[in-house]
Amino acid sequence: GFLSGSMIHGSAWHFLRMGQFIERADMTTRIIDVRSVDLLNEAGEGLEPYAQQQWRSVLRSLHSMQAYHLSVGQPIAQPLVLDFLFRNPELPRSFIYCLLRIRNSLRSLPRNDKPLAAINRIMRFTSQTDPSKLEGKPLHAFIDECQLKLYELDRVMDSTYFHARLRVNAKRKRA
(Lines give C-alpha, C1' and ligand atoms only; values in the text may rest on other atoms or scores of the structure.)
Protein backbone atom coordinates (compact mmCIF):
# COMPACT_ATOMS: atom_id res chain seq x y z
CA GLY A 1 0.00 0.00 0.00
CA PHE A 2 2.80 2.41 0.86
CA LEU A 3 4.57 1.91 -2.48
CA SER A 4 1.35 2.14 -4.45
CA GLY A 5 0.51 5.45 -2.81
CA SER A 6 3.96 7.00 -3.02
CA MET A 7 5.72 5.54 -6.04
CA ILE A 8 5.44 6.83 -9.60
CA HIS A 9 3.43 4.29 -11.53
CA GLY A 10 6.01 3.83 -14.25
CA SER A 11 7.97 0.82 -15.41
CA ALA A 12 9.52 0.05 -12.02
CA TRP A 13 6.11 0.01 -10.36
CA HIS A 14 4.70 -2.26 -13.08
CA PHE A 15 7.58 -4.72 -12.62
CA LEU A 16 7.02 -4.70 -8.87
CA ARG A 17 3.31 -5.40 -9.35
CA MET A 18 3.92 -8.15 -11.91
CA GLY A 19 6.33 -9.88 -9.56
CA GLN A 20 3.78 -9.64 -6.77
CA PHE A 21 1.04 -11.15 -8.91
CA ILE A 22 3.21 -13.93 -10.34
CA GLU A 23 4.13 -14.91 -6.79
CA ARG A 24 0.53 -14.65 -5.60
CA ALA A 25 -0.78 -16.79 -8.48
CA ASP A 26 1.92 -19.37 -7.80
CA MET A 27 1.17 -19.43 -4.06
CA THR A 28 -2.56 -19.77 -4.69
CA THR A 29 -1.99 -22.83 -6.85
CA ARG A 30 0.45 -24.32 -4.35
CA ILE A 31 -1.93 -23.90 -1.41
CA ILE A 32 -4.78 -25.47 -3.35
CA ASP A 33 -2.51 -28.32 -4.41
CA VAL A 34 -0.94 -29.06 -1.04
CA ARG A 35 -4.03 -28.54 1.09
CA SER A 36 -6.57 -30.23 -1.11
CA VAL A 37 -5.67 -32.52 -3.97
CA ASP A 38 -4.86 -35.74 -2.17
CA LEU A 39 -6.06 -35.12 1.39
CA LEU A 40 -9.54 -36.57 1.05
CA ASN A 41 -9.85 -37.63 -2.55
CA GLU A 42 -7.99 -40.86 -1.96
CA ALA A 43 -8.59 -41.25 1.78
CA GLY A 44 -11.55 -43.56 1.39
CA GLU A 45 -15.21 -43.57 2.25
CA GLY A 46 -16.59 -42.22 5.48
CA LEU A 47 -14.65 -38.96 5.31
CA GLU A 48 -17.12 -37.04 3.13
CA PRO A 49 -18.35 -34.93 6.10
CA TYR A 50 -14.82 -33.58 6.45
CA ALA A 51 -14.60 -32.36 2.86
CA GLN A 52 -16.27 -29.06 3.71
CA GLN A 53 -13.77 -28.55 6.52
CA GLN A 54 -10.92 -29.31 4.13
CA TRP A 55 -12.07 -26.65 1.64
CA ARG A 56 -12.79 -24.21 4.47
CA SER A 57 -9.13 -24.64 5.44
CA VAL A 58 -8.03 -23.85 1.87
CA LEU A 59 -10.13 -20.67 1.85
CA ARG A 60 -8.76 -19.63 5.24
CA SER A 61 -5.20 -20.23 4.08
CA LEU A 62 -5.84 -17.79 1.24
CA HIS A 63 -7.70 -15.29 3.44
CA SER A 64 -10.71 -15.73 1.17
CA MET A 65 -13.40 -17.15 3.45
CA GLN A 66 -15.46 -13.98 3.78
CA ALA A 67 -15.08 -13.16 0.09
CA TYR A 68 -16.28 -16.67 -0.78
CA HIS A 69 -19.42 -16.32 1.33
CA LEU A 70 -20.18 -12.86 -0.07
CA SER A 71 -19.50 -13.82 -3.68
CA VAL A 72 -20.73 -17.41 -3.93
CA GLY A 73 -23.45 -17.42 -1.30
CA GLN A 74 -23.61 -21.23 -1.15
CA PRO A 75 -22.23 -23.80 1.26
CA ILE A 76 -18.56 -24.64 0.85
CA ALA A 77 -18.01 -27.38 -1.72
CA GLN A 78 -14.98 -28.36 -3.78
CA PRO A 79 -16.33 -27.39 -7.22
CA LEU A 80 -17.48 -23.97 -6.01
CA VAL A 81 -14.23 -23.27 -4.15
CA LEU A 82 -12.09 -24.27 -7.13
CA ASP A 83 -14.14 -22.14 -9.50
CA PHE A 84 -13.92 -19.21 -7.07
CA LEU A 85 -10.15 -19.49 -6.54
CA PHE A 86 -9.27 -19.97 -10.19
CA ARG A 87 -11.88 -17.93 -12.08
CA ASN A 88 -13.23 -15.07 -9.97
CA PRO A 89 -11.87 -11.88 -11.59
CA GLU A 90 -12.73 -9.79 -8.51
CA LEU A 91 -10.89 -11.88 -5.91
CA PRO A 92 -7.31 -10.58 -5.45
CA ARG A 93 -6.06 -14.09 -4.65
CA SER A 94 -7.71 -15.80 -7.60
CA PHE A 95 -5.55 -17.10 -10.40
CA ILE A 96 -7.39 -15.13 -13.09
CA TYR A 97 -7.25 -11.88 -11.10
CA CYS A 98 -3.47 -12.19 -10.92
CA LEU A 99 -3.19 -12.95 -14.63
CA LEU A 100 -5.36 -9.97 -15.55
CA ARG A 101 -3.21 -7.62 -13.45
CA ILE A 102 -0.01 -8.97 -14.99
CA ARG A 103 -1.43 -8.50 -18.48
CA ASN A 104 -2.52 -4.93 -17.68
CA SER A 105 0.97 -4.06 -16.48
CA LEU A 106 2.59 -5.71 -19.50
CA ARG A 107 0.46 -3.62 -21.83
CA SER A 108 2.04 -0.46 -20.46
CA LEU A 109 5.61 -1.63 -21.11
CA PRO A 110 7.64 -1.53 -24.33
CA ARG A 111 8.74 -4.71 -26.14
CA ASN A 112 5.81 -6.59 -24.66
CA ASP A 113 4.96 -8.90 -27.59
CA LYS A 114 6.55 -12.08 -26.20
CA PRO A 115 5.45 -11.58 -22.58
CA LEU A 116 1.89 -10.77 -23.68
CA ALA A 117 1.84 -13.90 -25.84
CA ALA A 118 2.99 -15.93 -22.81
CA ILE A 119 0.31 -14.51 -20.50
CA ASN A 120 -2.33 -15.03 -23.18
CA ARG A 121 -1.30 -18.70 -23.46
CA ILE A 122 -1.87 -19.12 -19.72
CA MET A 123 -5.25 -17.41 -19.92
CA ARG A 124 -6.27 -19.54 -22.89
CA PHE A 125 -5.18 -22.72 -21.08
CA THR A 126 -7.13 -21.86 -17.94
CA SER A 127 -10.23 -20.87 -19.90
CA GLN A 128 -10.23 -24.22 -21.72
CA THR A 129 -10.24 -26.24 -18.49
CA ASP A 130 -12.94 -26.13 -15.84
CA PRO A 131 -11.10 -26.72 -12.54
CA SER A 132 -14.40 -27.17 -10.71
CA LYS A 133 -14.81 -30.52 -12.51
CA LEU A 134 -11.37 -31.82 -11.56
CA GLU A 135 -10.39 -33.99 -8.61
CA GLY A 136 -7.32 -35.89 -7.50
CA LYS A 137 -4.65 -36.48 -10.10
CA PRO A 138 -6.33 -34.48 -12.92
CA LEU A 139 -6.57 -31.47 -10.60
CA HIS A 140 -2.94 -31.92 -9.58
CA ALA A 141 -1.91 -32.11 -13.26
CA PHE A 142 -3.89 -28.94 -14.05
CA ILE A 143 -2.24 -27.09 -11.16
CA ASP A 144 1.20 -28.32 -12.24
CA GLU A 145 0.56 -27.03 -15.75
CA CYS A 146 -0.54 -23.64 -14.37
CA GLN A 147 2.69 -23.44 -12.38
CA LEU A 148 4.81 -24.43 -15.39
CA LYS A 149 3.13 -21.78 -17.51
CA LEU A 150 3.82 -19.16 -14.81
CA TYR A 151 7.45 -20.24 -14.87
CA GLU A 152 7.52 -19.87 -18.66
CA LEU A 153 6.06 -16.37 -18.32
CA ASP A 154 8.72 -15.49 -15.78
CA ARG A 155 11.48 -16.74 -18.11
CA VAL A 156 10.06 -14.76 -21.06
CA MET A 157 9.84 -11.60 -18.98
CA ASP A 158 13.35 -12.16 -17.63
CA SER A 159 14.86 -12.62 -21.09
CA THR A 160 12.86 -9.73 -22.56
CA TYR A 161 13.49 -7.12 -19.90
CA PHE A 162 16.40 -8.11 -17.68
CA HIS A 163 18.84 -10.00 -19.85
CA ALA A 164 18.19 -8.30 -23.17
CA ARG A 165 21.01 -5.78 -22.58
CA LEU A 166 23.44 -8.55 -21.69
CA ARG A 167 22.77 -10.25 -25.04
CA VAL A 168 23.16 -6.96 -26.95
CA ASN A 169 26.42 -6.15 -25.14
CA ALA A 170 27.76 -9.67 -25.78
CA LYS A 171 27.03 -9.32 -29.49
CA ARG A 172 28.81 -5.96 -29.63
CA LYS A 173 31.90 -7.40 -27.93
CA ARG A 174 32.05 -10.26 -30.44
CA ALA A 175 31.79 -7.89 -33.40
Side-chain angles (χ1 to χ4, degrees), residues 17-107 112-160:
R17 296 291 288 173
M18 288 186 296
Q20 176 186 9
F21 286 115
I22 288 173
E23 181 180 4
R24 185 179 290 172
D26 182 64
M27 289 310 297
T28 295
T29 60
R30 289 180 190 281
I31 288 171
I32 294 168
D33 197 25
V34 169
R35 305 272 327 250
S36 66
V37 174
D38 294 323
L39 291 179
L40 293 178
N41 291 333
E42 296 178 13
E45 292 186 30
L47 293 177
E48 292 83 16
Y50 299 102
Q52 186 181 40
Q53 188 62 30
Q54 171 190 350
W55 290 102
R56 183 181 311 274
S57 176
V58 171
L59 289 168
R60 280 191 182 132
S61 295
L62 292 167
H63 307 285
S64 299
M65 179 70 79
Q66 182 179 11
Y68 175 86
H69 287 299
L70 290 171
S71 179
V72 178
Q74 294 186 36
I76 293 170
Q78 177 178 334
L80 297 173
V81 172
L82 287 172
D83 188 61
F84 180 67
L85 294 176
F86 276 100
R87 294 185 164 187
N88 189 311
E90 296 175 350
L91 176 69
R93 295 223 176 247
S94 81
F95 195 72
I96 192 65
Y97 181 95
C98 295
L99 297 179
L100 291 168
R101 295 307 172 277
I102 295 166
R103 186 169 67 179
N104 286 343
S105 284
L106 281 171
R107 287 179 174 160
N112 61 10
D113 293 346
K114 289 180 182 178
L116 278 173
I119 193 81
N120 288 335
R121 280 192 297 275
I122 301 172
M123 294 179 83
R124 205 169 24 258
F125 169 75
T126 57
S127 72
Q128 293 171 349
T129 304
D130 184 356
S132 69
K133 296 184 181 189
L134 301 176
E135 288 187 13
K137 290 180 182 179
L139 177 59
H140 179 69
F142 171 74
I143 290 170
D144 278 354
E145 190 62 28
C146 288
Q147 291 169 348
L148 287 171
K149 289 188 179 310
L150 283 174
Y151 176 77
E152 290 171 20
L153 171 65
D154 181 71
R155 295 294 95 214
V156 169
M157 289 173 57
D158 183 57
S159 68
T160 300

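Only a predicted model underlies this, so the values are computations on that prediction, with no experimental measurement involved.
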Point-to-point distance, once rounded to the nearest 0.5 Å, from OG of S105 to CD1 of I119: 10.0 Å
Atom pair CD/SG of Q20 and C98 - distance to nearest 0.5 Å: 8.5 Å
Between CE on residue M18 and CG on residue L153, distance to nearest 0.5 Å: 8.5 Å
N/O donor-acceptor pair under 3.5 Å between R93 side chain and L62 backbone: yes
Polar side-chain atom of D83 near backbone of S132 as donor-acceptor pair, under 3.5 Å: no
Residues, nucleotides or ligands: over 12 heavy atoms within 6.0 Å of F125 CZ: yes
Pairs meeting criterion salt bridge (Lys or Arg N to Asp or Glu O under 4.0 Å) with involvement of residues 138-149, two or more places apart: E145-K149
Interatomic distance, L85 atom CG to L59 atom CG [nearest 0.5 angstrom]: 5.5 Å
Stepwise side chain to side chain contact (heavy atoms under 4.5 Å, CB included) check, T129 with L134: CA-CA 9 Å; T129 304; L134 301 176; 3.8 Å; yes
Between CD on residue Q74 and CZ on residue F84, distance to nearest 0.5 Å: 12.5 Å
Nearest heavy atoms of P115 and L106, plus distance in Å: CB-CD2, 3.6 Å
Whether S127 side chain and R124 backbone form a donor-acceptor pair below 3.5 Å: yes
NZ/NE/NH1/NH2 to OD/OE distance under 4.0 Å, R30 and D33: no
Any donor-acceptor N/O pair, T126 side chain to M123 backbone, under 3.5 Å: yes
Polar side-chain atom of R87 near backbone of F95 as donor-acceptor pair, under 3.5 Å: no
Option passing side-chain contact (heavy atoms from CB on, under 4.5 Å) with S61 (candidates I31, T28, I32): I31
Minimum heavy-atom distance P131-F142, with the two atoms named: CB-CE2, 3.8 Å
Chi angles and distances behind the side chain to side chain contact (heavy atoms under 4.5 Å, CB included) call for L91, S71: CA-CA 9 Å; L91 176 69; S71 179; over 6 Å; no
Trace of the side chain to side chain contact (heavy atoms under 4.5 Å, CB included) decision for F86 with S94: CA-CA 5 Å; F86 276 100; S94 81; over 6 Å; no
Within-4.5 Å side-chain heavy-atom neighbours: D154 and M157: no
Sub-4.5 Å side-chain heavy-atom contact between R24 and P92: yes
Atom pair CZ (R60) and CH2 (W55), whose distance is rounded to the nearest 0.5 Å: 15.0 Å
Verdict with reasoning, L139 to Q78, per side chain to side chain contact (heavy atoms under 4.5 Å, CB included): CA-CA 11 Å; L139 177 59; Q78 177 178 334; 4.3 Å; yes
Within 45° cone and under 6.0 Å: R101 NZ/CZ vs Y97 ring: yes
Check: L100 and F21 side chains under 4.5 Å, non-hydrogen atoms: no
D26 (side chain) donor-acceptor with I22 (main chain) under 3.5 angstrom: no
